[in-house]
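Bear in mind that the values here come from a model prediction, so they are computed numbers and not experimental data.
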Amino acid sequence: GAVVSQHPSWVICKSGTSVKIECRSLDFQATTMFWYRQFPKQSLMLMATSNEGSKATYEQGVEKDKFLINHASLTLSTLTVTSAHPEDSSFYICSAREGGLPSYEQYFGPGTRLTVT
Amino acid sequence: AQSVTQPDIHITVSEGASLELRCNYSYGATPYLFWYVQSPGQGLQLLLKYFSGDTLVQGIKGFEAEFKRSQSSFNLRKPSVHWSDAAEYFCAVYMEYGNKLVFGAGTILRVKS
């Protein structure tokens, strides 16, 4: 089946630094990747949608300059949290859609736990 | 606004007992509905989905869900729970406007032996 990986699985960084999270589709070409944020006891909230080779589309309320998304290839998307602060601590999940499939056919990565100290 | 409500944050059932996880949605059009399961350290795995047709949908791992338009519900069921079913379960609806999935808050299932 389609597999999506994320790296790292958890990361601790100091306030003010930047951290990059990678999302890879291992056995298919992901024309679209989605980035979600999950707070404890809350649902996954879509942050942005990125199409390979294009700028990401951010959801309302998501700071584009803080959460930089790059989808440079059909198998890799990165989320960079710039100048991280403790309130950015969360669980970040990516998902990927294979070209030609509807947007609801998403395969999810295992998530990355970010803790900002 | 479109939304998904999972009223139960935690549910504990005994192994071998039946299970029902509740999901209610708010969506103007005919919904595309999904149930996912998330185990620790794992990505969300699709259990089943409903688009149209038969309102009782069969999924993987022995799960089924029933779509009830009159109640705006899409409850997940399993006749006999196994300890390996302990996980977090998410209900979701696909919004054509916005082209995205909207998730409920999730229900954590605990299975006691």
Side-chain angles (χ1 to χ4, degrees), chain A residues 1-10 21-28 30-51 54 56-62 77 91-98 101-113, chain B residues 1-11 21-27 29-52 57 59-61 74 87-109:
Chain A
V3 179
V4 175
S5 70
Q6 281 185 243
H7 179 79
S9 54
W10 59 270
I21 302 169
E22 293 185 348
C23 177
R24 294 182 184 273
S25 58
L26 298 185
D27 50 2
F28 66 98
T31 55
T32 306
M33 286 187 170
F34 305 85
W35 285 95
Y36 295 84
R37 184 172 180 178
Q38 184 180 20
F39 292 101
K41 299 182 181 180
Q42 295 187 33
S43 65
L44 283 73
M45 301 298 295
L46 180 65
M47 299 174 64
T49 302
S50 71
N51 291 297
S54 303
T57 301
Y58 290 81
E59 294 297 301
Q60 191 172 9
V62 177
S77 175
F91 195 55
Y92 293 89
I93 299 172
C94 74
S95 69
R97 176 183 71 90
E98 189 170 9
L101 294 180
S103 281
Y104 46 76
E105 297 285 357
Q106 299 179 25
Y107 301 102
F108 288 83
T112 297
R113 173 77 58 193
Chain B
Q2 289 78 10
S3 65
V4 178
T5 302
Q6 293 181 245
D8 305 304
I9 298 175
H10 295 101
I11 282 188
L21 303 182
R22 296 183 291 165
C23 173
N24 292 97
Y25 66 91
S26 171
Y27 188 62
T30 300
Y32 289 4
L33 295 160
F34 306 80
W35 274 101
Y36 291 87
V37 59
Q38 184 182 32
S39 298
Q42 307 279 328
L44 273 73
Q45 181 183 21
L46 180 66
L47 287 174
L48 47 78
K49 57 190 176 186
Y50 171 79
F51 294 162
S52 64
V57 181
I60 63 171
K61 304 185 179 187
F74 188 56
E88 188 161 16
Y89 292 80
F90 292 93
C91 181
V93 62
Y94 172 68
M95 284 177 46
E96 288 184 88
Y97 177 76
N99 197 26
K100 61 184 179 181
L101 290 170
V102 175
F103 288 86
T107 298
I108 296 172
L109 172 65

Does any backbone or side-chain atom of A/Gln38 lie under 4.5 Å from a heavy atom of chain B? Answer side chain, backbone, both or neither. side chain
Examine whether an atom of A/Gln60 lies under 4.5 Å from a heavy atom of chain B, and if so say whether it belongs to the side chain, the backbone or both; otherwise answer neither. neither
Interatomic distance, OG@A/Ser95 vs CG@B/Leu101, rounded to 0.5 Å, equals 7.5 Å
Can you tell me how far apart CG (B/Leu46) and CD (A/Gln106) are? Round to the nearest 0.5 Å. 10.5 Å
Closest-packed option against chain A by number of heavy-atom pairs under 4.5 Å, given B/Ala105, B/Gly104, B/Gly43: B/Ala105
Contacting moiety of B/Gln38, where chain A heavy atoms sit under 4.5 Å: side chain
Taking everything shown except B/His10 itself, do over 12 heavy atoms lie less than 6.0 Å from its NE2? yes
Among A/Tyr107, A/Phe34, A/Tyr36, who wins on heavy-atom pairs under 4.5 Å with chain B? A/Tyr36
side-chain contact (heavy atoms from CB on, under 4.5 Å) for A/Thr49 and B/Lys100? Distances and angles first, verdict last. CA-CA 9 Å; A/Thr49 302; B/Lys100 61 184 179 181; 5.9 Å; no
Using heavy-atom distances under 4.5 Å, tell me whether A/Ile93 contacts chain B through its side chain, its backbone, both, or neither. side chain
Can you check whether anything in residues 87-96 of chain B gets within less than 4.5 Å of chain A, heavy-atom wise, and list it by number? B/Glu88, B/Phe90, B/Tyr94
